[in-house]
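In what follows, a structure is listed as structure tokens, so that the remarks can point back to it.
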Amino acid sequence: MTTTEERSERSVPKPVFTDAEAGAKEFPDSGPSARHYNYFKPAKRKQTHYEDVTVEVQPDPRHYLTQGWIYGFADGSRGYPLTWTKLKAWGVDDPEPERGPGSGGKPVENWPAHGWHEFRDPNEEWELTMYRYNANVVRQVNQNIENARNAKAFEQWSPNWVRFVERNVGAWMHIEHILGLYVFAANNRSGPTNMHNTAMAVNSEHKIRIAQDLALYNLTLSEEIEGFDGAAHIDAWNNDPVWQGARKVCEALPAIRDDWGESIFATNIVFEPLIGELFRSNLVMQAAAGHGDYVTPTVMGAAEYDFDQRDLRWTVACFAPLTQDREFADHNKQLMNGWLAEWVPQCLEAARTMQPLWSQTDAKPPRFEDSLDKAKNRFAGILSDLGLDTPKELNQ
Amino acid sequence: MSRQSLAKAHQKIQELSWEPVYHEPYMKYGTDYTFRKAAKKDPLKQVLRSYFPMQEEKDNRVYGASDGAIRGNMFRQVQERWLEWQKLFLSIIPLPEISAARSMPMLFQAVPNPELHNGQAIQMIDEVRHSTIQQNLKRLYMNNYIDPAGFNNTLRNFHSDYCGTIGRQFAEGFITGDAITAASIYLTIVAETAFTNTLFVAMPAEAAANGDYLLPTVFHSVQSDESRHISNGYATLLMALSDEDNRQLLERDLRYAWWNNHRVVDAAIGTFIEYGTKDRRKDRESYAEMWRRWIYDDYYRSYLLPLEKYGLVIPHDLIEESWNQIWNKGYVHEVAQFFSTGWLANYWRIDGMTDEDFEWFEYKYPGWYDKYGKWWENYNRLAKPNGHHPIVAEDVDYVYPHRCWTCMVPCLVREDMVMDKVDGQWRTYCHEACRWTDAEAFRPTYQGRETPNMGKLVGHREWETLYHGWNWADVVKDMGFVRDDGNTMTAQPHLDLDPKKMWTLDHMRRMPHLQSPNVLLNEMSDSEREAFAADYVRQGPAGRPAGKGEHLKS
């Protein structure tokens, strides 16, 4: 026989019909035209989802921050100083509204107050996009490696190529890691708007991810290839002369003093095409197939796609308008040309230090000079997109 | 993860740790803390290969629920009283979140332990998630809730509103000044470890009780990331504790961070949970009960106290005083009353309290009605325009308070108000702990020790200063808290959306001009100021003039 025990009524909140949905009543601000964020001007006719979740999240005293920043550094700087780069966008030299007793809030009358706010990440990155994109990449990379493992594809590699991957593909992970953490993430505190800083944060995700992907790929290879030295990349990074040029210039990037603009410019405009793509695209991805390796190019290819399709895109969108700036175009061009003069020779010197890598494999990749020419042409094209002339240093 | 175990994978990525050889990285953010290179491990043990798909899956759940809420007409059951307060909360919170992302590189430089940087980088990514997912939630409310005003101009409002400025401490405090004070002690050790419990766990539960299951969906997903951040803070704290020289700074920063978080978070979240809800079941926890459980027991007793044996000096006195403020001194009730007094300076509608609310408050906080009941009856009486002024300009036995210069919440527990001349200006503080924060802690020397990296409290910290002598209609218009007909105010002291029942700029224009308490204070003679202070500390509770509430004081 079954019995049903009496239980006291559980205490739960009761649903209530409130009819609080859009359109239930008419009153000022009840119409469809009131249902959009109305405190900024979209870049195009219609504001995008990306703009809605990023624009103006980081306040600006020249816009609506009427009480001003409320915490300062010891030196008196506060918030996100526009002086944290030497680059200038129109309007930055106009004085901030002076507020005080009885002044009122002095909110911006013609948004935006200065040109930095015109920047939009063409990749329109926010949390939804960055997780979808990166999750897809890691899934694909994992599948590629797993398929190769199951197919015993690594057994086809020649010993010489195994040494090349363990040392040199391995060494590259350090560069991606340094750029990810100590250039892009490090500068996401410094940009003038939320759109800049979010783009830098997303760029850093790509870099940290590929660094880890390379490390974990290295781990898989240690498990799959007999005699694969999983620590050889550390020796190459620390001691191999061919890597010391790239390491030196890579370490110089986080050492740039107090200029997020120079940091990003030197990294994505100069270092990446002349060193990054030179190694990833014009060496590893060209040489691997000849050694029976169809996996490494897919791992490296993910990084290439990151840079080519996303990281470079936002960087060009960030810097190109500055060379056409209605107020500071000449100032910015002069500054960027100075940065080119500073960084191009360092990168070319580092690239040439890497030249022996082109001779280390059995199946020869394109000649180093051809690879470098390709990288230089690509670099000159990027400069053209930015509205900058090719520097004489490129001919060195 | 593929076949590699997480631990093994995590161990492998430690090979990425960078020891500079050719160039030292530029140290942009300073700290007065010193760190031995103590071998603390990255507590997160997270690799991006598993992190990204995990976060994507969490996103899928959140956005699936969002879609379901719209298709299921969730807004037919949402309590307007609740959602109106979200106009404030969701205008504030995306900035603290993105500021937490911005603060992580400050730790890369301040904490010389490359292994910890991995966890900090993942926290940075998490925080970008939180900020944008919250902006998106607000966008969804704006599109689907009956009254979009206040959501649609959310960030303009937040940046210019005094409540927003109070909330901004919970953002600028993470990214400015001494890197460890800001990004570690204030952010991870106190804000995230202690107060996200009330922010992201207790408050969403209350949202669900008010028909809104999207806020819990988003914020519980956010909170699942916070537990990782707590581990980051703990590892840094243990590193800091290993150096004797840091203990004085740790003591200072815990006192500041604890008290400021209490003042700011308890003011806001306490008000949302107690005065924003329609759920008056007697067995539902009050904010005080939640606080006792989540913060006093779970944080103070379970997390902080065990650290005493490592030499951490815990601010027992301030923790007990915070409880005293909440339980005996009516801190949350005083704040809710002030927000409602000043409804006209805000951008959301504030519902009055009903008999059912009174009964619940009296049950949960015995003596509540005698202190606050009459004022809320007056609030209801004066809610709809009928030839009178808004309650702030009517005689309801409420003295408009002075602001605390430090936490910027007004000095509402009147007997605790202290006054001091700091940086050549007379300032009022809500409590001695806030005076200490401004006058002693945020200074380049602390107890005789040089603290050159410590930040400063700056800005126009008293909102009323900007509008001293202004007509209220011009104040509201200047801030932009006006609806699309150009006259009806965004804020209302009731929930009736009948345009004839709503306050307009025309009503505001008849009011007396706004006066800045701080400007007036600094115009007083010494004797006038002494008399002012003597009178102020005799005021209350519930803002009563001096002498009128003596019998109600605890």
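Remember, predicted model here, so these are calculated numbers, not experimental data. In what follows, chains carry the letters A, B, and so on, assigned in the order in which the sequence lines appear, proteins first and then strands, with residues in each chain numbered from 1.
By the 4.5 Å heavy-atom criterion applied to side chains, A:P13 and B:R281 are counted as neighbours. Between A:T198 and B:R102 there is a side-chain heavy-atom pair separated by less than 4.5 Å. You'll find the side chain of B:L457 stays beyond 4.5 Å of the side chain of A:I70, heavy atoms only. In this structure the side chain of A:M130 reaches within 4.5 angstrom of the side chain of B:I125, judged on heavy atoms. Side-chain contact between A:P107 and B:D478: present, with at least one pair of heavy atoms (C-beta onward) separated by less than 4.5 Å. Within the 4.5 Å cutoff, the side chain of A:F27 has no heavy atoms near those of the B:D498 side chain. When side chains are defined from C-beta on, B:K278 does not count as touching A:V16, because their heavy atoms never get closer than 4.5 Å. By the 4.5 Å heavy-atom criterion applied to side chains, B:E80 and A:T18 are not counted as neighbours.
Using modelled atom types, no side-chain atom of A:R209 and backbone atom of B:L48 make a donor-acceptor pair closer than 3.5 Å. The closest donor-acceptor contact from the side chain of B:K456 to the backbone of A:S77 lies at 3.5 Å or more, if one exists at all. Using modelled atom types, no side-chain atom of A:Y64 and backbone atom of B:F158 make a donor-acceptor pair closer than 3.5 Å. In this structure a side-chain-to-backbone donor-acceptor pair under 3.5 Å is missing from A:W69 to B:V458. Proximity of a side-chain donor or acceptor of B:E172 to a complementary backbone N or O of A:Y71 within less than 3.5 Å is detected. Side chain of B:Q135 to main chain of A:T54: no donor-acceptor pair is present (N/O by atom type, distance under 3.5 Å, no hydrogens or angles). In this structure, A:R35 contributes its side chain and B:Y145 its backbone to a donor-acceptor pair below 3.5 Å. With A:E56 contributing its side chain and B:L155 its backbone, the two residues share no donor-acceptor pair below 3.5 Å. B:D484 contributes a side-chain N or O that, together with a main-chain N or O of A:D29, makes up a donor-acceptor pair within less than 3.5 Å.
Comparing B:L514, B:T490, B:T488, B:T165 by how many heavy-atom pairs each has under 4.5 Å with chain A, the most go to B:T165. With chain A as partner, the option from B:R139, B:M124, B:M454, B:M408 having the largest number of non-hydrogen pairs under 4.5 angstrom is B:R139. Ranking B:F442, B:F151, B:Y63, B:Y51 against chain A, the residue ahead of the rest is B:Y63, based on heavy-atom pairs under 4.5 Å. Options B:A182, B:G469, B:G173, B:G455 differ in how many heavy-atom pairs under 4.5 Å they form with chain A, and the most are formed by B:G173. Heavy-atom pairs under 4.5 Å with chain A were tallied for B:H468, B:R280, B:Q55; the largest tally goes to B:Q55.
Here the OH atom belonging to B:Y26 is positioned 16.0 Å from the CG atom belonging to A:L253, to the nearest 0.5 angstrom. Note: B:L466 CG to A:Q67 CD = 6.0 Å, rounded to the nearest 0.5 Å. Rounding to the nearest 0.5 angstrom, the gap separating the CG atom in B:N152 from the OG atom in A:S33 is 9.0 Å.
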#### Entry: Audit row: A:Q244, B:Y22, side-chain hydrogen bond (donor to acceptor under 3.5 Å, both in side chains) steps and yes/no
CA-CA 9 Å; A:Q244 298 316 299; B:Y22 298 99; 2.5 Å; yes
### Message
side-chain hydrogen bond (donor to acceptor under 3.5 Å, both in side chains) for B:S99 and A:R189? Distances and angles first, verdict last.
### Response
CA-CA 8 Å; B:S99 301; A:R189 167 69 184 90; over 6 Å; no
### Task
Go through B:L497 and A:S30 one step at a time and tell me if the side-chain contact (heavy atoms from CB on, under 4.5 Å) criterion holds.
CA-CA 10 Å; B:L497 287 166; A:S30 63; over 6 Å; no
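Annotation: A:Y39 is not in aromatic contact with B:H159 [ring centroid separation under 6.0 Å not met].
Nearest heavy-atom pair across B:V78 and A:A20 is O-CB, 3.6 Å.
With a threshold of 4.5 angstrom between heavy atoms, B:D279 approaches chain A through side-chain atoms but not through N, CA, C or O. For B:Q77, the parts lying near chain A are the backbone and the side chain together; criterion is any non-hydrogen pair under 4.5 Å. Contact of B:Q169 with chain A is made through backbone and side chain together, with heavy-atom distances under 4.5 Å. If you measure heavy-atom distances from B:P53 to chain A, the contacts under 4.5 Å come from both the backbone and the side chain. In this structure, chain A has heavy atoms under 4.5 Å from both the backbone and the side chain of B:D126.
Legend: residues meeting side-chain contact (heavy atoms from CB on, under 4.5 Å) with A:N150, ordered by chain and number and at least two apart, are A:E146.
The aromatic rings of B:F108 and A:Y182 stand perpendicular to each other, their planes meeting at an angle above 60°, with 30° marking the opposite boundary.
No more than 12 heavy atoms of other residues, nucleotides or ligands sit less than 6.0 Å from atom NZ of B:K500. Residue B:K12 places its NZ atom among more than 12 non-hydrogen atoms of other residues, nucleotides or ligands, all under 6.0 Å distant.
In summary, B:E56 and A:R139 engage in a salt bridge, as defined by a charged side-chain N under 4.0 Å from a carboxylate O. Ion pairing between B:R76 and A:D19 fails under the 4.0 Å rule for side-chain N and carboxylate O.
Taking the ring axis of A:W260 as reference, the NZ or CZ atom of B:K28 does not stay both within 45° of it and closer than 6.0 Å to the ring centre.
A:E127 and B:N136 form no side-chain donor-acceptor contact under 3.5 Å, judged by distance and modelled atom types alone.
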